[in-house]
Every structure is written in C-alpha cells, then in structure tokens.
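Here is the structure we will look at, set down as structure tokens.
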Amino acid sequence: MLLDALTDHLEGLAAERGGVLGVLPGLVADDSPGWMPAADLAREPYEGLLALVDETAARWSAPRHVAAALLWKTYGYWHTMPMALGWGLDRRVPLMRLEDTLVRPSAAGVTVAASRVTVAVLPGDPLAGTEGTVVVPDLAAAIKEALLESQYPFVRALSAVTKVGERTLWGSTAEAFAHPLLTLGSYAEAARLLDEIGPPVAGLLVPDGDGYRRRTCCLWITLPDADPCSTCCVC
C-alpha cells in the first residue's frame, strides 16, 4: 500500500524492457541465490567491488577507472531510481540503507534490492506514522542523508582504488534523478529536487532544450568506437 504506485510503475518499466530492470519492482529481495550485501562491497579491502569493476572492464575493454565510472553509472542509477520516482509519483521516498541493500550481477549490469525498506513521508501523508514509514519535514533532506549514508561509501571506495573523480561519479547520481523524472514531467521538477538536495548532486546538470546535459562525463565516450551519450558534456 505504501509503495503501490512505485511498484506498479517499476513493473511497467520491467515489462517494457523485457524484464531487464536493475531494481526489483517491490524493492525487497527475493530468496533467489546470488545476492551480495552491498555494505561488504564498500569495505576494505574492496575485493568484491574490484571484482565487479574488473568484470565491467573486461566487458567493455575499458581501463579500470573508466570501468569504475561505468559500474557506478549502473549501480547508482538503479539505487537512485526508486527515490526519484517515489518523490515524483506521490512524495513517498523509499530508503534502502547501506546495511540493508543487496546487489547481484544481472542482464541490467547489476540488480539492486534490500532486505527491508523504510519509506520517508511528509507529516500530512495519510499513511504517516504507519509501520515502515519515517515522517520527515523535508524529503530532499532525507534523500541527501540517504545518499551520504548509502552511496558515498561506494563513491569514496571507487575513487580511492581506481582514481576516478568523485565529482564524475556524483554526476551519474544526479542524472539518475533527472532521467526517471523526465518520464513524469518537466526537467524543471528534477532541477528543483536536485537544488533542494544540494551537494553532492546539485549543480552537476544544466538545462538543454526540454532536457539537460551533464557537467561531468560518465567516461563512456572514452571507449573505442563509442557514440556519445545524448546528455554528454563533451560533444
């Protein structure tokens, strides 16, 4: 009931993509094998994280720092999408905390889910105070706290071990808010949310026609014969 609109939306996206979606529509992990605790990947010595980076590098014949950026573009997108869509659909934001998040390789690059999800809602929400909710005065502030708690450990680790810039990685998270929200409305709404969240994602996108361009490059364009992304800041 809390996330019915989001689940329905994600199920529709999965159907459109032939089942290839990097987040489970219900967000809570099933009992199938292969799930890895995300928190383990973000802890030294980062063996599991580097294994995923190296798999990405082999797939695209990419240098390690480029592979790290592409892995984050995938993981960060699927982890961010439920927050973006939850905010856009009905101002109910699912929070998958680092210690609760699970990940596994998949046809979508990786698939993200959680052992449990807490939903941030505003005080006036009819379901405020029910089981599974946390009532907050400011959803953007709750999202920022979630990014710092659940994504920054990955950004810090990937930057430390592969020398890819943290700003480059946060640019992919910023885009992960804007891209899904464009399917619901105008870029102005996404820009407003990013500005309200503030650092580390504010200021990393700029308006471009009906959409946006990034201020940072995801590094896809550095691959041999790669076409630039439609939001590329380089081209």
Using modelled atom types and a 3.5 Å cut-off, is there a donor and acceptor pairing between side-chain atoms of [X] and backbone atoms of [Y]?
{"X": "Thr183", "Y": "Pro180", "answer": "yes"}
{"X": "Arg213", "Y": "Cys232", "answer": "yes"}
{"X": "His79", "Y": "Met96", "answer": "yes"}

How far does [atom1] of [X] sit from [atom2] of [Y], to the nearest 0.5 angstrom?
{"X": "Leu95", "Y": "Glu149", "atom1": "CG", "atom2": "CD", "value": "9.0 Å"}
{"X": "Phe177", "Y": "Leu85", "atom1": "CZ", "atom2": "CG", "value": "10.5 Å"}
{"X": "His65", "Y": "Leu219", "atom1": "NE2", "atom2": "CG", "value": "5.5 Å"}
{"X": "Leu122", "Y": "Asp138", "atom1": "CG", "atom2": "CG", "value": "8.0 Å"}

* Verdict with supporting geometry, Thr130 and Met1, side-chain contact (heavy atoms from CB on, under 4.5 Å) -> CA-CA 11 Å; Thr130 60; Met1 186 174 180; over 6 Å; no
Which pair of heavy atoms, one from [X] and one from [Y], lies closest together, and at what distance?
{"X": "Pro82", "Y": "Leu6", "result": "O-CD2, 3.9 Å"}
{"X": "Leu3", "Y": "Pro94", "result": "CD1-CB, 4.0 Å"}
{"X": "Leu52", "Y": "Pro105", "result": "CD2-CG, 4.1 Å"}
{"X": "Arg17", "Y": "Leu21", "result": "CD-CD1, 3.8 Å"}
{"X": "Gly76", "Y": "Gln151", "result": "O-NE2, 4.1 Å"}
{"X": "Cys218", "Y": "Ser172", "result": "CB-OG, 4.2 Å"}

May I ask you to test the [X]-[Y] pair for a side-chain heavy-atom distance under 4.5 Å?
{"X": "Ile143", "Y": "Val201", "value": "no"}
{"X": "Leu184", "Y": "Leu181", "value": "yes"}
{"X": "Leu127", "Y": "Val121", "value": "no"}
{"X": "Leu70", "Y": "Arg59", "value": "no"}
{"X": "Pro25", "Y": "His9", "value": "no"}
{"X": "Tyr187", "Y": "Leu182", "value": "yes"}

* **Atom CD of Glu189 with >12 non-hydrogen neighbours under 6.0 angstrom** =>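 Yes, enclosed.
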* **Whether over 12 other heavy atoms sit under 6.0 Å from Trp60 CH2** => no
* Each residue besides Leu102 in its hydrophobic cluster should be listed here, by chain and number; the cluster joins Ile, Leu, Val, Met, Phe, Trp and Tyr at side-chain heavy-atom distances under 4.5 Å. =>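 Reading the cluster by chain and number, Leu102 sits alongside Leu24, Trp35.
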Distance-only donor-acceptor pairs under 3.5 Å for side chains of residues 86-93, two or more places apart:
from: Asp90; atom 1: OD1; to: Arg92; atom 2: N; distance (Å): 3.3
from: Arg91; atom 1: NH1; to: Trp87; atom 2: O; distance (Å): 2.6
from: Arg92; atom 1: NE; to: Asp125; atom 2: OD1; distance (Å): 3.4
from: Arg92; atom 1: NE; to: Asp125; atom 2: OD2; distance (Å): 2.8
from: Arg92; atom 1: NH1; to: Leu2; atom 2: O; distance (Å): 3.4
from: Arg92; atom 1: NH2; to: Asp125; atom 2: OD1; distance (Å): 3.0

* To do: Could you name each residue pair satisfying side-chain hydrogen bond (donor to acceptor under 3.5 Å, both in side chains) that touches residues 224-233, not counting sequence neighbours?
  => Glu175-Thr231
* Working for side-chain contact (heavy atoms from CB on, under 4.5 Å), residues Glu196 and Leu139 -> CA-CA 9 Å; Glu196 290 177 358; Leu139 288 175; over 6 Å; no
* Are Leu49 and Tyr75 close enough, and set up right, to give a side-chain contact (heavy atoms from CB on, under 4.5 Å), and what steps lead you there? -> CA-CA 11 Å; Leu49 184 61; Tyr75 180 98; over 6 Å; no
Side-chain donor-acceptor distances from residues 154-171 under 3.5 Å, at least two apart:
from: Ser159; atom 1: OG; to: Val164; atom 2: O; distance (Å): 2.9
from: Thr162; atom 1: OG1; to: Leu158; atom 2: O; distance (Å): 2.6
from: Lys163; atom 1: NZ; to: Ala160; atom 2: O; distance (Å): 3.4

* ring-ring contact (aromatic ring centres under 6.0 Å, His included): which pairs involve residues 104-151, sequence neighbours left out? -> none
* What salt bridge (charged side-chain N to carboxylate O under 4.0 Å, His left out) pairs are there with at least one residue in residues 95-104, not counting sequence neighbours? -> Asp30-Arg104, Arg43-Glu99, Asp100-Arg116
